[in-house]
Amino acid sequence: MQSAVIIAAIALAVFLGYKTKINTGFFCIVFAYFIGCFWMGLKPKALIAFWPTNTMFVIISVSLFYNVAAANGTLEKISRSLLYACRKFPGLLPYALFAVAVILSVMGAAYFTVLAFLAPITLLICEESKMDKLTGAVAINCGALAGGDFPTAALGVIFRGLMDSSYEAAPELEAIDSFVTCLKMFGLAVLFSLILITIFRFALPANRNIGKDVKFEKTEAYTTAQKQTLYLMVAMMAVVLVFPLLKLLIPGNAVIKLVAGKIDVGLVAFVFAVIALLMELAPQKEIIARVPWNTILMIAGAGMLIAVAVEAGTIDLLSNWIGSNVPTFLVPIAFSLVGAVMSFFSSTTGVVCPALFPLIPGLSATTGLGAVNLFTCTVLGAQSSAISPFSSGGSLILGSCGNEEERSSLFNRLLFVATPISIGVAAIFNLIVSMVL
């Protein structure tokens, strides 16, 4: 009963926010308060502790740093340079953005880090090239996720650990090679991403005019302030990437392990934001004004209600239902869809996979379905809803929009167009994969 009410409350909050134009997060906080404190018996302090402090800190700090580049024109110069590089084949811009995101993720950059770096640049490129912003958002989101699935990348390492743990809990079953499984998952994720990007590239009418009547002029030389900002951006990416990557390459080095454990994208971004301000690369007032406060409040409010759902056992209820009610041939689609729904409400690596992965070894043994397929269906299904504006990635893309009207429009399109299409395509793709492999 509680789970049904919470799911209904989340849906109602989204509906009320859409109809009234009042921040959806506000309704989420109200519902979290009444359901959590008055029905579930949570203490107010416990409910307030559900406020997603870490996510909010990262969004604010990363936004502050990249707002420097936005304020002094550096991001615009970068976008124009990439646009000029694709001048002969402007229609391939979505795939170029996807490739850049994959490369960054495979190199070890976290999903959030990749989007933090590419989202502002991507939206500017979309404006300059007349490409639909939804297509650009899908391209970099898919690239960051697919690249992250690589066995040694940020997400791949987590998935491998969860797979190994799932089989350790069932010693009577023969364990799979988690590295090979993640490698296959990475390949399938890239294939799925290319299909999804192609759908958005050619299905959206606005993309028919990519590059049309656009003058691909060579960009002017960077100013001193822009060069310094660019150097800081590269330096920040290096700091965030190098030590985690070295940790993977040299796992036995205690110094590298210690430093890598202290690297946090939010704190690093704040350090570089302060350096940029000390160098007077942009006015402090302007970069603070550009912080997407409306989006931050929305994500924080939704995070509180989602945390109440986790506390109520809604997530566990969904995962347990699959094992006892779903016919064998529908299990792959069920894992895909349930993973997508759960990920819409919670973290893929923190909640969805830890909840669903332990079910897979046993189901694979009893149903004859390949464990590799089920792991892949779960991950791709969960990642298919990551473009949602309620997710960390979707919220960061929203936060990169230039004005509130544009942000509101993209919010609706991410929620009502990109998310359902992505989930649907993932379900069909996973069904085909389960039949072929």
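Numbers for residues simply follow the sequence, beginning at 1.
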Validation row: Ile397, Ile387 side chains within 4.5 angstrom (heavy atoms): yes
Chi angles and distances behind the side-chain hydrogen bond (donor to acceptor under 3.5 Å, both in side chains) call for Thr135, Asn207: CA-CA 8 Å; Thr135 303; Asn207 287 328; 2.7 Å; yes
Interatomic distance, Phe192 atom CZ to Ile432 atom CD1 [nearest 0.5 angstrom]: 11.5 Å
Atom pair OG1/CG of Thr24 and Leu16 - distance to nearest 0.5 Å: 8.5 Å
Side-chain (Ser434) to main-chain (Leu431) donor-acceptor, under 3.5 angstrom: yes
Pairwise side-chain contact, Ser129 with Pro90, heavy-atom cut-off 4.5 Å (strictly under): no
Met163 side chain reached by Cys182 side chain, heavy atoms, under 4.5 Å: yes
side-chain contact (heavy atoms from CB on, under 4.5 Å) assessment of Glu406 paired with Glu127: CA-CA 12 Å; Glu406 179 183 285; Glu127 290 181 3; 3.5 Å; yes
Tyr95/Thr198 under side-chain contact (heavy atoms from CB on, under 4.5 Å): CA gap, chis, key distance, verdict: CA-CA 9 Å; Tyr95 303 101; Thr198 300; 2.9 Å; yes
Gap separating the CG atom of Leu115 from the OG1 atom of Thr122, nearest 0.5 angstrom: 8.5 Å
From CA spacing to verdict: side-chain contact (heavy atoms from CB on, under 4.5 Å), Leu196, Ile421: CA-CA 9 Å; Leu196 187 63; Ile421 289 177; 4.2 Å; yes
Pro151 side chain reached by Arg160 side chain, heavy atoms, under 4.5 Å: yes
Lys21 atom NZ, over 12 foreign heavy atoms within 6.0 Å: yes
Interatomic spacing from CG in Leu188 to CZ in Phe429 - rounded to 0.5 Å: 5.0 Å
Whether over 12 other heavy atoms sit under 6.0 Å from Glu286 CD: yes
Non-hydrogen side-chain atoms of Ile10 and Cys28 separated by less than 4.5 Å: no
Ring geometry between Phe272 and Phe65 (parallel below 30°, tilted from 30 to 60°, perpendicular above 60°): perpendicular
Side chains of Lys184 and Val180 in contact at under 4.5 Å (non-hydrogen atoms): yes
Any donor-acceptor N or O pair under 3.5 Å, side chains Asn141, Gln383: no
Considering all heavy atoms, the nearest Pro94-Arg201 contact: CG-CD, 3.9 Å
Parallel, tilted or perpendicular, as decided by the 30° and 60° cut-offs, for the rings of Phe150 and Phe186: perpendicular
Note: Asp132-Arg413 ion pair, threshold 4.0 Å (strictly below): yes
Point-to-point distance, once rounded to the nearest 0.5 Å, from CG of Leu162 to CZ of Phe375: 9.0 Å
Enclosure of Phe89 CZ (heavy-atom neighbours >12, cutoff 6.0 Å): no
Asn67 backbone acceptor or donor facing Arg290 side chain under 3.5 Å: no
Student check: side-chain heavy atoms of Val433 and Asn373 closer than 4.5 Å: yes
Main-chain N/O of Gln226 paired to Asn72 side chain as donor or acceptor, under 3.5 Å: no
Neighbour count >12 (heavy atoms, 6.0 Å) for atom CZ, Phe416: yes
Contact summary for Ala175 and Tyr167, nearest pair of heavy atoms: CA-CD2, 3.5 Å
Heavy-atom closest pair, residues Ser384 and Ala426: CB-CB, 3.6 Å
Parallel, tilted or perpendicular: ring planes of Phe159 versus Phe357, cut at 30 and 60 degrees: tilted
Gap between atom CZ of Phe31 and atom CZ of Phe26 - 0.5 Å precision: 14.0 Å
Name of the residue among Val68, Thr229, Leu232 meeting side-chain contact (heavy atoms from CB on, under 4.5 Å) with Met279: Leu232
Phe98 and Ile140, any side-chain heavy atoms less than 4.5 Å apart: no
Option from Asn430, Leu374, Thr376 for which side-chain contact (heavy atoms from CB on, under 4.5 Å) with Ser336 holds: Asn430
Over all atoms of both residues, closest heavy-atom pair of Ser193 and Ala189: OG-O, 2.7 Å
Heavy-atom pair with the smallest gap, counting every atom of Gly301 and Ile29: CA-CG1, 3.5 Å
Minimum-distance pair of heavy atoms, taken over all atoms of Phe411 and Pro389: CD1-CB, 3.4 Å
Working for side-chain contact (heavy atoms from CB on, under 4.5 Å), residues Phe50 and Leu305: CA-CA 8 Å; Phe50 289 156; Leu305 185 53; over 6 Å; no
Heavy-atom donor-acceptor pair, Ser61 side chain to Phe270 backbone, under 3.5 Å: no
